[in-house]
Amino acid sequence: MDEAFIHVPHSTRAAGAELRRGFQSSPSALPDRDFIRAWSSIAYLFPGLHPDGFADGEGGWPRVLQPFAEEAWRRAQLGILTDAQLYPSDAQWAGIYDQLRMPTLVEGIRRLDISVMSDQFSHG
């Protein structure tokens with residue numbers, strides 16, 4: 001697995017498309033890049049969910065998404081996912097930003113930086 005590979009969806013529509021592709025097979029059957037795209041899309045679409053709390057009934061994880069969290073932890077424990085891939089905070093932050101009605105200039109610059117970095121490391 002390319003340790004530099006990160007994914008940040010460009011929009012809610014793009015994140016939804018990645019997650020729908022992820023649901024076409026079991027999370028464990030997804031190739032690493034496809035899994036990371038689906039996993040990052042979950043962080044983007046559901047920024048209130050934290051990977052550490054997926055098994056906790058109070059963690060808020062919908063049952064349909066729990067298999068992705070289980071698989072993320074399995075891959076992380078095997079050394080397949082890096083911490084940055086297990087905790088896709090840029091995707092999470094971008095999902096929050098994209099819901100803001102009046103972002104600040106600083107927030108806009110950060111979103112642009114995240115998009116550029118994601119594009120840079122998502123290809124290849």
Where the side chain of [X] meets the backbone of [Y], is there a donor-acceptor pair that is under 3.5 Å apart?
X     : Y     : result
Gln85 : Thr82 : yes
Ser40 : His7  : yes
Trp61 : His50 : yes

Which distance, rounded to the nearest 0.5 Å, do you find between the [atom1] of [X] and the [atom2] of [Y]?
X      : Y     : atom1 : atom2 : result
Ile114 : Ser89 : CD1   : OG    : 7.5 Å
Glu107 : Trp93 : CD    : CH2   : 5.5 Å
Gln24  : Leu19 : CD    : CG    : 10.5 Å
Glu18  : Ile36 : CD    : CD1   : 11.5 Å
Tyr87  : Leu81 : OH    : CG    : 11.0 Å
Asp98  : Ser11 : CG    : OG    : 7.5 Å

side-chain contact (heavy atoms from CB on, under 4.5 Å) assessment of Asp34 paired with Arg21: CA-CA 8 Å; Asp34 293 343; Arg21 277 193 283 282; over 6 Å; no

Nearest atoms (heavy-atom pairs only) where Gly108 meets Tyr97: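 What the structure gives for the nearest pair is CA-OH, 3.4 Å.
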
Minimum-distance pair of heavy atoms, taken over all atoms of Leu45 and Gly16: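 Smallest heavy-atom distance, with atoms named: CD1-N, 4.0 Å.
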
Could you check if a side-chain atom of [X] sits within less than 4.5 angstrom of a side-chain atom of [Y], using non-hydrogen atoms only?
X      : Y      : value
Leu100 : Arg111 : no
Pro62  : Leu49  : yes
Arg110 : Val106 : no
Trp39  : Pro27  : no
Ser115 : Val8   : no

Joint hydrophobic cluster, Val64 plus Trp73, side-chain heavy atoms closer than 4.5 Å: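 Same hydrophobic cluster.
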
Selection residues 12-31 - residue pairs positive for ring pair (Phe, Tyr, Trp, His ring centres under 6.0 Å), sequence neighbours left out: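 Every ring pair (Phe, Tyr, Trp, His ring centres under 6.0 Å) pair that includes a residue of residues 12-31, provided the two are not neighbours, is Phe23-Phe68.
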
Working for side-chain contact (heavy atoms from CB on, under 4.5 Å), residues Thr12 and Tyr44: CA-CA 8 Å; Thr12 300; Tyr44 178 95; 3.9 Å; yes

Remaining members of hydrophobic cluster (4.5 Å side-chain criterion), Met102: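 Besides Met102, the hydrophobic cluster comprises nothing; the residue is isolated.
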
Cation-pi geometry met for Arg75 and Phe35 (6.0 Å, 45°):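 Relative to the ring axis of Phe35, which defines the angle, Arg75 lies inside both limits.
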
